[in-house]
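Structure first, commentary second.
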Number of protein chains: 4
Amino acid sequence: MSGNTTGTLFRVTTWGESHGKAIGVVVDGCPPNIPLSESDIQEELNRRRPGLSQASSPRKEEDMIEILSGTFERKTTGTPISMIIKNRDTKSGDYDQIKDLFRPGHGDITYFKKYGIRDYRGGGRASGRETAARVAAGAIAGKVIALEGIEIIAYTRELGGITTEQITLADIDKNNLLCPDMNAVGRMEDKLEEAKKTGDSLGGIVEILVKGCPPGLGEPVFDKIDADLAKALMSIGTVKGVEIGAGFEAARMSGSVCNDPITPEGFETNNAGGILAGITNGDEIVIRVACKPIPSIEKEQQTIDIHGRPATISIKGRHDVCVIPRIIPVCKAMVSIVLADHLLGQKVNCRYST
Amino acid sequence: MSGNTTGTLFRVTTWGESHGKAIGVVVDGCPPNIPLSESDIQEELNRRRPGLSQASSPRKEEDMIEILSGTFERKTTGTPISMIIKNRDTKSGDYDQIKDLFRPGHGDITYFKKYGIRDYRGGGRASGRETAARVAAGAIAGKVIALEGIEIIAYTRELGGITTEQITLADIDKNNLLCPDMNAVGRMEDKLEEAKKTGDSLGGIVEILVKGCPPGLGEPVFDKIDADLAKALMSIGTVKGVEIGAGFEAARMSGSVCNDPITPEGFETNNAGGILAGITNGDEIVIRVACKPIPSIEKEQQTIDIHGRPATISIKGRHDVCVIPRIIPVCKAMVSIVLADHLLGQKVNCRYST
Amino acid sequence: MSGNTTGTLFRVTTWGESHGKAIGVVVDGCPPNIPLSESDIQEELNRRRPGLSQASSPRKEEDMIEILSGTFERKTTGTPISMIIKNRDTKSGDYDQIKDLFRPGHGDITYFKKYGIRDYRGGGRASGRETAARVAAGAIAGKVIALEGIEIIAYTRELGGITTEQITLADIDKNNLLCPDMNAVGRMEDKLEEAKKTGDSLGGIVEILVKGCPPGLGEPVFDKIDADLAKALMSIGTVKGVEIGAGFEAARMSGSVCNDPITPEGFETNNAGGILAGITNGDEIVIRVACKPIPSIEKEQQTIDIHGRPATISIKGRHDVCVIPRIIPVCKAMVSIVLADHLLGQKVNCRYST
Amino acid sequence: MSGNTTGTLFRVTTWGESHGKAIGVVVDGCPPNIPLSESDIQEELNRRRPGLSQASSPRKEEDMIEILSGTFERKTTGTPISMIIKNRDTKSGDYDQIKDLFRPGHGDITYFKKYGIRDYRGGGRASGRETAARVAAGAIAGKVIALEGIEIIAYTRELGGITTEQITLADIDKNNLLCPDMNAVGRMEDKLEEAKKTGDSLGGIVEILVKGCPPGLGEPVFDKIDADLAKALMSIGTVKGVEIGAGFEAARMSGSVCNDPITPEGFETNNAGGILAGITNGDEIVIRVACKPIPSIEKEQQTIDIHGRPATISIKGRHDVCVIPRIIPVCKAMVSIVLADHLLGQKVNCRYST
């Protein structure tokens with residue numbers, strides 16, 4: 001069953017394996033006449049590259065995006081936009097030693113059980129590298145929603161158990177961890193250093209804010225916008241939880257506290273996280289996603305080989321210590337894609353609803 | 001944009017408003033030759049009816065399911081199964097007083113902004129009543145997955161801030177709150193009583209376990225099974241958060257703790273919650289969903305009317321105090337639907353993967 | 001695999017068997033605020049009822065449509081519109097004699113081979129009765145497209161080999177065969193009379209014109225509007241061929257004859273049938289569909305039973321002699337549904353294309 | 001609205017413009033473990049290249065396919081297969097003279113009206129060149145269905161009005177026009193020569209036979225296999241008509257002639273063309289498609305420019321005289337894609353139908 005396409009009107013299909021010839025994405029349904037060039041996309045991709053912070057590996061990986069179709073004279077034409085990123089400098093040989101082993105916390109064992117065959121080099125299709133294609137598609141979605149004044153902000157809410165006490169959006173770009181609380185940055189860096197030394201890894205929580213989103217986006221009852229956001233974000237390999245607005249904390253509130261009072265000027269609080277009954281209410285959309293620690297660690301772990309025999313494994317190489325902050329542009333991309341899809345969907349209704 | 005259908009192979013379409021003539025559902029893609037009669041579905045529906053616990057309103061609402069198509073001599077035929085539940089005894093008049101007001105925490109305001117028209121009676125399409133149709137579809141999905149030995153268990157993990165300390169599955173059916181910790185039941189009931197007295201409401205957390213699920217279900221990269229589960233559960237109006245396995249707690253673990261060691265006998269721990277890289281790994285699937293408190297409360301709240309003028313509102317009537325436990329069969333239904341869809345999807349691969 | 005839903009934005013799901021409790025349809029994605037009542041739909045359904053011409057059986061079948069959801073105060077609300085037609089007076093007993101036989105030209109044998117089970121009463125799901133649900137959905141689609149000035153005209157182009165020499169649209173409603181050539185009507189009626197006497201049946205060709213369709217509808221490359229029209233029409237059980245514009249005759253033309261010259265006032269000819277490269281060009285859309293003779297005939301035919309043994313069969317009962325003219329509203333309905341879907345789709349582009 | 005993806009389980013997405021950097025296709029849902037290498041696909045592509053017959057232009061265009069993902073050690077892995085064909089030697093300058101003119105019979109005018117922007121070079125996305133991507137995807141689909149013993153044969157049934165009198169399948173590969181009647185080949189060649197001399201073009205009819213197709217493929221009621229075949233074939237730019245089995249001729253038959261008698265050994269005739277009620281019946285599938293003459297002709301034609309002013313146009317260059325025989329591998333590809341999709345779909349049912 002095909003599963004590599006998402007979206008109804010703004011439709012994204014990604015392809016490619018970590019150590020194949022290339023990875024890429026086709027964006028179908030992007031409206032025409034939107035200014036678009038490779039540099040627009042490259043800029044977003046660069047935010048995902050390794051080596052930007054202590055959390056990521058020092059390896060150099062310069063993903064260069066190439067647009068192969070769908071634009072003419074630097075504008076979109078309404079036809080599918082195909083983009084490609086060539087793989088290079090991939091050391092497949094590194095993976096020979098683990099080609100018969102299932103790495104704990106990875107998809108090695110499930111891909112093998114599902115398909116009876118797998119490209120074991122670097123995780124193949126299950127590699128985090130696939131998310132670069134999402135970022136490229138998200139950059140286009142981002143241009144579509146920016147036309148309507150929608151802006152997405154995302155940052156590190158928590159890392160290795162260190163949480164942010166106060167959110168100062170202006171601080172996000174002042175540190176490599178994209179953390180809005182400068183007081184927390186140092187402690188997060190210490191945690192990362194410690195994990196690196198012990199051959200271990202860390203997880204964290206990303207918070208995403210959508211500003212300027214008009215009311216009316218989302219299609220009840222199954223394609224609610226929070227449902228689609230949850231799917232899009234949970235489809236990122238590292239994500240184990242998604243919450244909207246007050247999220248899990250809402251479960252502990254009483255109705256009189258959780259309900260957001262409505263005034264002529266807007267909502268007084270935002271426990272709903274900008275979404276009511278699956279439709280945006282015009283307030284800020286607030287989402288948090290839980291990212292598990294990176295499963296590739298140097299510490300020795302217990303596992304089995306493809307014949308079911310017990311084995312131990314220690315994963316060498318230049319792996320990241322934490323998906324944060326590199327996962328942040330991926331989260332933004334997925335949110336952009338969902339919003340672009342629903343924004344186009346609501347254009348249909350607009351004609352009839354006023 | 002249509003949004004009332006979910007699933008690719010096992011496809012569910014619901015319809016109907018709270019105070020219309022009826023609600024219903026069409027299940028398309030159910031395999032043929034599966035024994036099915038109305039009593040199979042009625043049984044599941046009865047678990048959702050009000051009056052079973054202190055959390056739900058005392059009103060009598062006997063939803064009677066009727067199968068209109070898709071079966072012949074009590075077996076499915078492979079053609080669409082249409083089911084209907086007639087609405088009755090609905091007091092539309094009750095809603096006249098609030099027909100121009102937006103109830104806080106409800107979809108009143110977003111439906112109005114999206115469509116420019118809304119059926120204000122009892123929440124219309126956004127009513128929790130719609131979930132009865134999901135339960136009916138889920139009952140059929142449940143039969144499909146039960147054929148392969150898959151069983152779903154769901155229970156109250158937390159209610160009004162009272163959490164379960166230990167999980168004794170055998171206790172679930174021994175109390176009306178479907179709580180697996182008999183020690184917590186009393187305190188939960190007290191909380192409910194207190195909320196009822198003050199005209200307020202409560203939220204809670206439902207935990208869902210899937211036992212006996214074969215490995216290989218799920219379609220990377222976008223239609224991962226955890227992504228589809230997150231969407232399905234987040235599409236329930238009351239849900240504000242979904243987590244898989246260790247969930248948000250995984251964000252605080254190190255990789256060496258979070259990774260589940262693999263042994264010839266299976267996984268040693270289950271922080272993954274039975275899913276790796278979006279594909280089931282054969283272990284138990286573990287999901288938790290956060291349910292917000294019911295927004296309809298008697299306590300006076302601040303709001304506006306459809307003309308934007310400030311107003312206050314106090315919602316009278318026989319409303320539930322907490323969606324738990326009535327939401328539990330709905331959660332099970334959504335999980336069943338997702339699993340049935342992916343189970344059928346994997347049948348395609350099975351032919352080629354061994 | 002589910003196959004009972006069509007359309008992306010204007011989405012139609014039909015259900016029901018010939019001799020089950022009812023048949024019906026859910027229309028999802030219909031825009032809000034469109035005036036709609038049961039009489040609008042009943043009117044279209046009445047055009048499909050038997051007994052209107054010599055071609056159809058004299059049995060009385062008063063299909064009464066009931067709208068169960070999706071409207072409020074006689075306007076659509078944007079939520080799914082569920083409609084039901086109860087089956088009555090169905091003589092299931094009539095079918096006992098043929099329950100183990102496969103009727104030639106019918107789906108009896110293929111449903112049995114596909115599903116391993118079938119509702120043999122009156123063709124079950126494969127019955128022409130299913131098309132009543134399409135007509136109901138088409139009536140709603142018709143209202144959507146009429147808002148933009150689109151009008152669909154359909155008529156008998158050929159019946160039992162008798163062709164129409166000249167097309168006088170005003171004559172269509174002047175005869176029961178919906179034939180635009182009064183000179184041909186008499187000969188068609190004779191043909192029908194003759195077929196009836198010999199226990200045989202006839203086929204014919206329906207021509208459909210779409211007037212007032214704006215340019216720009218259709219989504220290349222796979223969802224071209226002619227591709228979607230062909231699928232929609234070929235999905236009617238009786239249809240064995242579909243052609244657009246000059247159709248099969250175009251295969252015999254030279255390019256200089258077939259190409260429609262373009263002038264400031266429009267196209268000089270219309271061999272394209274109003275569609276170029278899968279997109280409407282603003283000219284009249286012209287479609288013809290070939291309908292095979294009704295397979296249920298009294299004449300004795302050779303067949304086998306479900307055990308593979310040879311048998312003969314003579315189908316008694318009040319069957320139509322020809323699907324024309326009763327199929328005409330069905331053709332119109334399918335064209336309306338496709339146009340409504342693409343019209344809504346183009347609303348998305350409109351915002352960006354000028 | 002996105003329209004460049006087709007199929008549910010075997011899903012094909014094409015992209016690319018005639019004179020862009022490349023064209024390509026992503027095939028998602030191909031089962032794992034199917035042997036596949038570039039030469040398998042190149043072989044099919046070569047059948048579509050120009051210069052093979054008098055009907056096509058003498059230009060050299062060596063389309064080289066490259067597989068970028070989805071295979072490992074020359075087997076499919078179940079992940080998306082991305083393929084690319086680079087464009088080269090494209091003389092964009094040739095198109096400067098017509099960049100402001102709408103070529104009659106082409107999509108120039110409709111793309112412009114739909115999107116408000118178009119890549120005028122060589123037809124852009126509407127170019128016949130896009131079908132090379134379909135042929136590549138069809139080659140993979142062909143491998144999937146060949147595993148079950150399904151074989152597709154296609155040939156020239158008619159060209160420029162010259163029809164084949166008798167069908168000798170063995171003769172198809174003995175002439176460059178892929179005509180099964182050696183007696184007709186000479187007259188077809190004369191017709192082509194004559195058209196070339198006068199700067200005109202020709203159309204024709206392709207007939208497609210599917211041998212060895214098992215019964216049970218197709219999903220009523222909308223996704224009938226004949227409906228999906230009609231859509232797939234009508235989505236080829238040149239096609240103006242599709243018929244199944246007796247097709248339009250069935251409209252002139254009586255039921256007693258059209259119905260195919262059933263015997264223990266199979267069907268006595270095949271007017272149904274192998275499909276009953278939208279499901280394959282195990283007999284040979286028979287399809288005919290009408291191809292219009294190529295619209296690019298040297299003869300002067302009347303048209304308008306993008307400002308609506310009258311103009312004349314004469315299209316120079318190395319254009320084909322007739323799409324036949326180059327369209328034949330495209331037709332086969334589309335039929336293969338539809339069959340692969342439905343074959344996988346029926347694998348789901350198989351588990352339950354016996």
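Since the model is a prediction, treat every value here as computed from it, not as a measurement. To find a chain, count down the sequence lines: A is the first, B the second, and so on, and within it residues start at 1.
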Donor-acceptor contact below 3.5 Å, side chain C/Lys240 vs main chain D/Gly247: no
Pairwise side-chain contact, D/Val221 with C/Asn4, heavy-atom cut-off 4.5 Å (strictly under): yes
pair D/Ile205-C/Arg252: side-chain heavy atoms closer than 4.5 Å: yes
Criterion side chain to side chain contact (heavy atoms under 4.5 Å, CB included) on C/Lys231 and D/Asp223, from CA distance to verdict: CA-CA 8 Å; C/Lys231 173 169 178 168; D/Asp223 297 342; 2.8 Å; yes
D/Asn349 (side chain) donor-acceptor with C/Tyr115 (main chain) under 3.5 angstrom: no
Residue-level interface, residues 276-283 of chain D with chain C, non-hydrogen cut-off under 4.5 Å: D/Leu276, D/Ala277, D/Ile279, D/Thr280, D/Asn281
D/Lys113 side chain vs C/Gly216 backbone, donor-acceptor pair below 3.5 Å: no
Sub-4.5 Å side-chain heavy-atom contact between D/Glu243 and C/Glu243: no
Exam field: side chain D/Lys114 to backbone C/Gly218, donor-acceptor pair closer than 3.5 Å: yes
Heavy-atom side-chain contact between D/Met234 and C/Asp226 under 4.5 Å: yes
Rounded distance [0.5 Å steps], OG in D/Ser256 versus NZ in C/Lys299: 3.5 Å
D/Val289, part contacting chain C, at a heavy-atom distance under 4.5 Å: backbone
Any C/Pro261 side-chain heavy atom under 4.5 Å of D/Pro104 side chain: no
